[in-house]
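Report on the structure given below.
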Amino acid sequence: MMQSRVFPCLCLASLLLAGCATGPGGPVYVPAEKAPPPPQTDTSEPETPSAAEQQQRRQQQAEEPERSAPRYQDDSEDMSPAAQSLVNRADALLAQGEARAAIGQLERAQRISPRSGKIYFKLAAAYRSIDELGRAEQFALKGLSLSGSNTALQRTGWMLLADIRRADGNVAGAEKAEARAAEL
C-alpha cells in the first residue's frame, strides 16, 4: 500500500526535474563546434598621434585660460554704499532693542555684499543679542574666514567669538579665541 503511494510521487518528481533541465527553447548545452568564437581583444599598440594632431593639441592647451588654485581671501571686501546704509539702519534697530528687524536688514546687506566680513560680524552680534548662540558662532566664524589680512577686523572677530563662546558656556573655546586675538 505504501509503495503504491511512493512510486507515483517519485515519477512526478523525476518529471519535474527533467523539465527544469531543458528550457522551452531546448537544451542549455551548446556543442563546442556550434559555439560562437570568443571575443577578440585588440592587442595592437595604440596609434601615435600625427605631428599635426600633436600641434593641434598644444595649440588648444595654449588657448585655454590658466586656472588658478583656489585660495583664501587676502582682503575683506568693502561694503557697497547700499549695504553700508542697511548696516547703519541695523545698528539703529539694535540700539532700540529690535534685534529681529536688525537681522532682516543685515541679511539684505549680506546679499548685496556677500564677501564682507563686517556684515557677518554684525549678524553674529545680532544673533548673540537674542541668545541664538549657535548661529552667532557660525556667522562669527564665517566673518573670520572673510577677514583676509585685516588684523583689526580679525581681532574684532576673535573677541566676538570669545564672547559668544563664553555665553554658551564654552570657557576653553573662549580662551582660545582670546589667545588668537592677542596674537594679532
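These numbers were taken from a predicted model, which means no experiment stands behind them.
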How many angstroms lie between atom CG of Leu146 and atom CZ of Phe121, to the nearest 0.5 angstrom? 8.5 Å

Value rounded to 0.5 Å, distance of CZ in Arg115 from CE in Met79: 15.0 Å

Are Arg165 and Asp168 side-chain neighbours, meaning at least one heavy-atom pair lies under 4.5 Å? no

Check for me, please, whether Leu141 and Leu153 land in the same ILVMFWY cluster - side-chain distances under 4.5 Å, paths through other members count. yes

What do you reckon, is CZ of Arg108 surrounded by more than 12 foreign heavy atoms closer than 6.0 Å? no

Looking only at heavy atoms, what is the nearest atom pair of Arg128 and Asp163, with distance? NE-OD2, 3.3 Å

Hey, can you pull the donor-acceptor pairs under 3.5 Å for the side chains in residues 170-184, sequence neighbours left out?
| from | atom 1 | to | atom 2 | distance (Å) |
| --- | --- | --- | --- | --- |
| Asn170 | OD1 | Gly173 | N | 2.8 |
| Glu178 | OE1 | Arg166 | NH2 | 3.0 |
| Glu178 | OE2 | Arg166 | NH2 | 2.6 |

Side-chain heavy-atom pair Leu161, Leu144 within 4.5 angstrom cut-off: yes

Distance-minimising heavy-atom pair for Ser80 and Ile112: OG-CG2, 3.1 Å

Kindly indicate whether the side chain of Gln96, heavy atoms from C-beta on, has any atom under 4.5 Å from the side chain of Leu93. yes

Could you work out, with ring-ring contact (aromatic ring centres under 6.0 Å, His included) as the rule, every residue matching Phe139, not counting sequence neighbours? Tyr127

Pairing donors with acceptors under 3.5 angstrom, does anything connect the side chains of Asn88 and Gln84? yes

Which heavy atom of Ala140 sits nearest to which heavy atom of Ala124, and what is that distance? N-CB, 3.7 Å

Grab the two heavy atoms, one from Ala109 and one from Ile119, that are nearest each other, plus how far apart they are. O-CD1, 3.5 Å

